[in-house]
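Data first, discussion second: the structure below is written as structure tokens.
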Amino acid sequence: MKRTKKDYLKDYIEHVDIKKIDAIPIIQMYSKMAFQARTLAYGALLYEKMLNDEEITVILCLAGSLFSAGLKNAVCDLIRNNLVDVIVSSGAIIVDQDFFEALGFRHYIGSPDVDDKELNQLHIDRIYDTFIDEDELRICDMTVAEIAEKLEKRPYSSREFIWEMGKYLKEKGIKTDDSVVLAAYEKNVPIFVPAFSDCSAGFGLVYHQVKNPDKHVSIDSVKDFKELTEIKIAAKETGVVMIGGGVPKNFTQDVVVCADILEKTVPMHKYAIQITVADVRDGALSGSTFKEANSWGKVDSSNEQMIFCEATIAFPIIAAYVYQKVKNRKSKNWNKLFLK
């Protein structure tokens with residue numbers, strides 16, 4: 001019998017609650033084991049050390065389908081407790097997954113063992129074993145276009161536009177404690193998406209620009225690079241926590257070199273942690289080590305940890321650990337650097 005959309009979209013993805021994970025004994029045990037248990041523990045301990053270093057600005061890098069998989073609330077808790085100061089992300093995580101859910105939509109438990117042609121006919125998109133309603137995603141696209149319509153027609157950094165998305169949620173009175181876009185807006189945590197058009201925001205902004213060919217909102221990725229470099233110059237000492245690799249990883253590492261090109265003396269990223277399942281064999285950046293980045297003058301190799309583990313397993317434990325161990329850390333409020 002042919003299935004309907006309701007047959008597929010019925011069981012919600014639930015986001016992990018790091019407040020319910022007693023991570024301290026896990027990290028203590030893992031630190032005395034071997035292989036990736038030990039690297040995970042060392043990564044958690046290094047993140048704690050980073051947060052206790054008062055001079056450090058923590059940059060969280062996000063790549064992959066993380067929030068659709070259930071990691072959104074973990075990042076929200078880090079933001080609301082001043083455990084991350086800047087975010088650099090791929091577009092889908094921030095728009096298609098976080099902003100999408102803030103608008104009242106959900107991701108659903110699915111399976112890779114399905115008829116994808118049938119999903120396509122039903123307007124259901126699949127992210128491995130997760131489903132999302134394409135018709136609802138189009139509403140998200142058009143909401144981005146709606147935001148653009150109301151803004152001054154000029155180039156924006158992705159940080160500026162995402163700040164406007166947070167403002168939109170706030171002004172609409174949307175009641176949610178688990179939106180990263182809204183939490184970052186309220187806590188003055190800047191979010192950068194260097195490839196902003198590569199997500200639902202792209203569809204919405206294309207629609208906006210076609211409707212307004214002569215005068216419209218656009219995204220200036222060079223302005224993104226300039227602004228993140230300005231944070232590095234102002235902060236001086238930085239640490240990076242990376243989930244996945246890709247553009248967010250490279251973009252964040254490159255600001256050290258960019259500052260040097262601008263004739264500003266800044267140190268390399270002092271601390272670096274990466275959770276990834278990529279490795280070095282294909283020469284791609286996602287699996288490249290921080291020791292390699294040291295050769296470029298981007299990352300100090302004395303406080304770094306590569307964790308070769310899938311993010312939905314490793315990140316909740318690490319996030320829960322620092323949430324439980326680090327209290328009363330002060331907000332850096334880096335978004336205020338750009339507010340006039």
Side-chain angles (χ1 to χ4, degrees), residues 62-68 72 86-107 120 123-125 127 132-176 178-186 188-228 230 246-248 251 335 337-340:
L62 306 171
S65 295
L66 304 177
F67 292 176
S68 64
K72 182 185 65 172
V86 180
I87 294 175
V88 181
S89 177
S90 61
I93 292 173
I94 298 301
V95 185
D96 305 44
Q97 297 170 33
D98 182 86
F99 190 67
F100 171 83
E101 290 205 354
L103 295 175
F105 306 125
R106 299 291 294 269
H107 294 83
N120 179 259
H123 292 194
I124 297 172
D125 303 322
I127 309 168
I132 184 172
D133 188 330
E134 172 65 24
D135 296 328
E136 293 176 347
L137 201 53
R138 295 294 176 93
I139 296 172
C140 182
D141 302 344
M142 291 302 100
T143 304
V144 170
E146 177 189 340
I147 293 169
E149 287 290 326
K150 296 177 180 178
L151 297 179
E152 177 188 352
K153 305 306 182 280
R154 62 172 177 83
Y156 288 74
S157 67
S158 65
R159 178 204 59 79
E160 288 180 286
F161 196 89
I162 294 165
W163 188 86
E164 294 291 345
M165 290 165 61
K167 182 180 178 182
Y168 172 90
L169 295 175
K170 189 76 171 180
E171 291 180 346
K172 285 287 183 180
I174 292 175
K175 303 295 184 183
T176 178
D178 58 3
S179 166
V180 166
V181 170
L182 181 57
Y185 173 80
E186 293 174 338
N188 284 306
V189 171
I191 300 176
F192 294 91
V193 174
F196 197 51
S197 295
D198 186 24
C199 67
S200 276
F203 299 127
L205 290 173
V206 167
Y207 181 85
H208 160 73
Q209 289 193 6
V210 169
K211 280 186 64 182
N212 303 274
D214 299 323
K215 201 170 184 182
H216 50 250
V217 168
S218 61
I219 301 299
D220 185 345
S221 63
V222 177
K223 193 173 185 182
D224 278 337
F225 198 15
K226 176 176 173 287
E227 287 185 352
L228 188 59
E230 287 172 344
V247 171
F251 188 78
N335 211 46
L337 185 67
F338 308 106
L339 299 181
K340 296 179 181 179

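We're numbering straight along the sequence, starting at 1.
Side-chain atoms of Lys72 do not come within 3.5 Å of backbone N or O of Gln97 as any donor-acceptor pair. Judged purely by atom type and a 3.5 angstrom limit, Ser179 uses its side chain to pair as donor or acceptor with the backbone of Leu182.
Looking at residues two or more places apart in sequence or on another chain, you find a side-chain contact (heavy atoms from CB on, under 4.5 Å) between Asp133 and Lys5, Leu9, Asp135, Glu136. Applying the ring pair (Phe, Tyr, Trp, His ring centres under 6.0 Å) criterion to Phe100, with sequence neighbours excluded, gives Phe105, His107. With sequence neighbours excluded, the residues forming a ring pair (Phe, Tyr, Trp, His ring centres under 6.0 Å) with Phe251 are Phe225, listed by chain and number. Taking Tyr185 as the reference, Trp163 meet the ring pair (Phe, Tyr, Trp, His ring centres under 6.0 Å) condition, with sequence neighbours excluded. Checked against side-chain contact (heavy atoms from CB on, under 4.5 Å), Glu171 has the following partners two or more places apart in sequence or in another chain: Lys167.
Contact between Gly91 and Cys199 at its shortest, heavy atoms only, is C-CB, 3.5 Å. For the residue pair Ala148 and Val217, the shortest heavy atom distance occurs at O-CG2, 3.5 Å.
The CZ atom of Phe192 sits 5.0 Å away from the CG atom of Leu228 when rounded to the nearest 0.5 Å.
Applying the side-chain hydrogen bond (donor to acceptor under 3.5 Å, both in side chains) test to every pair with at least one member in residues 199-210, sequence neighbours left out, gives these pairs: Asp96-Ser200, Asp141-Ser200, Glu149-His208, His208-Asn212.
Within a 6.0 Å radius of CZ in Arg138, other residues, nucleotides and ligands contribute 12 heavy atoms or fewer.
Shown are Phe203, Phe161, Tyr156; of these, the ring-ring contact (aromatic ring centres under 6.0 Å, His included) with Phe196 is made only by Phe161.
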